[in-house]
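Here's the structure we're looking at; comments come further down.
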Amino acid sequence: KEKVEITKEQQALVKVVVEAYNRHQIPQDVAKKLLQDQYSAEENFLLLTEMATSQVQVLVEFTKNIPGFLSLDREDQIALLKGSAVEAMFLRSAQVFSKKMPNGHTEVLEERIRKSGISEEFMTPMFNFYKSIGELHMVEEEQALLTTITILTPDRPYVKDQQAVERLQETILDVLRKMCVLQHPQDPQYFARLLGRLTELRTLSHYHAEMLTSWRVNDHKFTPLLCEIWDVQ
Ligand SMILES: COc1ccc(-c2nc3ccccc3n2[C@H](C(=O)NC2CCCCC2)C2CCCCC2)c(OC)c1
């Protein structure tokens, strides 16, 4: 059985990525806010667009700390951000939803989200994804690396130098694979299951524009940044 070992430079890479990931996270307060009060569909839509706008801003800051990202072609950096923003947002939402909370809080949060104004048909795929992320009980290193892998997806639209992105992604995949073996020795399939979530994430993200335009509000107002990143308006 080969001895799996994380090298010194891989440890340094993980440290940089995890610290940036923790630094660049929008405040946890969206869950707290939702648990405090019941809001109208209009207020919830506004809350979502505010949260999503600030999450995109922190995502840009986070990518600057991914080793090698700033050395990519400038237009490819934009293409990767545009291509991964929705997936990163749902991945972050799943992590917020799966956070350990006092008894009964997760159920209240789920109820608030179900009644937020989003149309019923999207509840099942969205909560299936959230719960499948929760079941993995990811440590923060795995969360940070999984988000990084999502950002470094070579086959996003308009990426010119896919090989350069692939090389960066492979570096992250390699250290994540080793970490999974070390962190979950009893579950050799854990790494594969982790990557399987990215397929589910991509499918969920296909619904995203429709989830927004079908929100039960009269006027769907988006910030300029969201119009850039989301295929709406
Ligand atoms: C496009 O449709 C939807 C639907 C629901 C969500 C969602 N899932 C959540 C799970 C846990 C807590 C919050 C959650 N949210 C919204 C939110 O604020 N999401 C934030 C986005 C940036 C990253 C942190 C979470 C809530 C939902 C309830 C009404 C107010 C917005 C969502 O987040 C992409 C997108």
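As the structure is a computational prediction, the values presented were derived from the model and not from experiment. These values consider heavy atoms only, across backbone and side chains, with no hydrogens, waters or symmetry-generated copies. Atoms within each ligand, like the ligands themselves, are counted from 1 in listed order.
- Near Ile118, meaning under 4.0 Å from any of its heavy atoms, are these atoms of ligand 1: 2 (O), 4 (C).
- If you check each of Leu48, Thr49, Thr213, Asn44 against atom 35 (C) of ligand 1, the one with the closest non-hydrogen atom is Leu48.
- Among residues two or more places apart in sequence or in another chain, the ring-ring contact (aromatic ring centres under 6.0 Å, His included) test is passed with Phe90 by none.
- Relative to atom 11 (C) of ligand 1, the option among Ala94, Ala31, Ser116, Ser93 with the closest non-hydrogen atom is Ser93.
- Within the listing of ligand 1, atoms 18 (O) sit less than 4.0 angstrom from a heavy atom of Val30.
- For ligand 1 and Met211, the ligand atoms under 4.0 Å from any heavy atom of the residue are 1 (C), 2 (O).
- One N or O on the side chain of Asn65 and one on the backbone of Glu61 form a donor-acceptor pair closer than 3.5 Å.
- Residue Met89 has at least one heavy-atom neighbour below 4.0 Å for each of these atoms of ligand 1: 21 (C), 22 (C), 34 (C).
- Evaluated by nearest non-hydrogen atom to atom 7 (C) of ligand 1, the leading choice among Trp215, Phe90, Tyr130 is Tyr130.
- Side-chain polar atoms of Ser132 and Arg197 form a donor-acceptor pair below 3.5 angstrom.
- Of the polar atoms of His208, none of the N or O atoms is found under 3.5 Å from an N or O of ligand 1, judged by distance alone.
- Close contacts of ligand 1 with Gln55, meaning ligand atoms under 4.0 Å from a residue heavy atom, involve 22 (C), 23 (C).
- Defined by atom type and a distance below 3.5 Å, a donor-acceptor pair is missing between the side-chain atoms of Asp155 and Gln162.
- For Phe45 and Phe222, the gap between ring centers is short of 6.0 Å.
- A side-chain donor-acceptor contact under 3.5 Å links Thr223 and Thr53.
- The shell of residues lying under 4.0 angstrom from ligand 1, judged by heavy atoms, excludes Arg112.
- Judged purely by distance below 3.5 Å, without hydrogens or angles, the side chains of Gln95 and Tyr130 never pair a donor atom with an acceptor atom.
- Applying the side chain to side chain donor-acceptor pair (under 3.5 Å) rule to Gln38 yields the partners Arg112; only residues at least two apart in sequence or on another chain are considered.
- Heavy-atom proximity to Met126, at under 4.0 Å, picks out these atoms of ligand 1: 4 (C), 5 (C).
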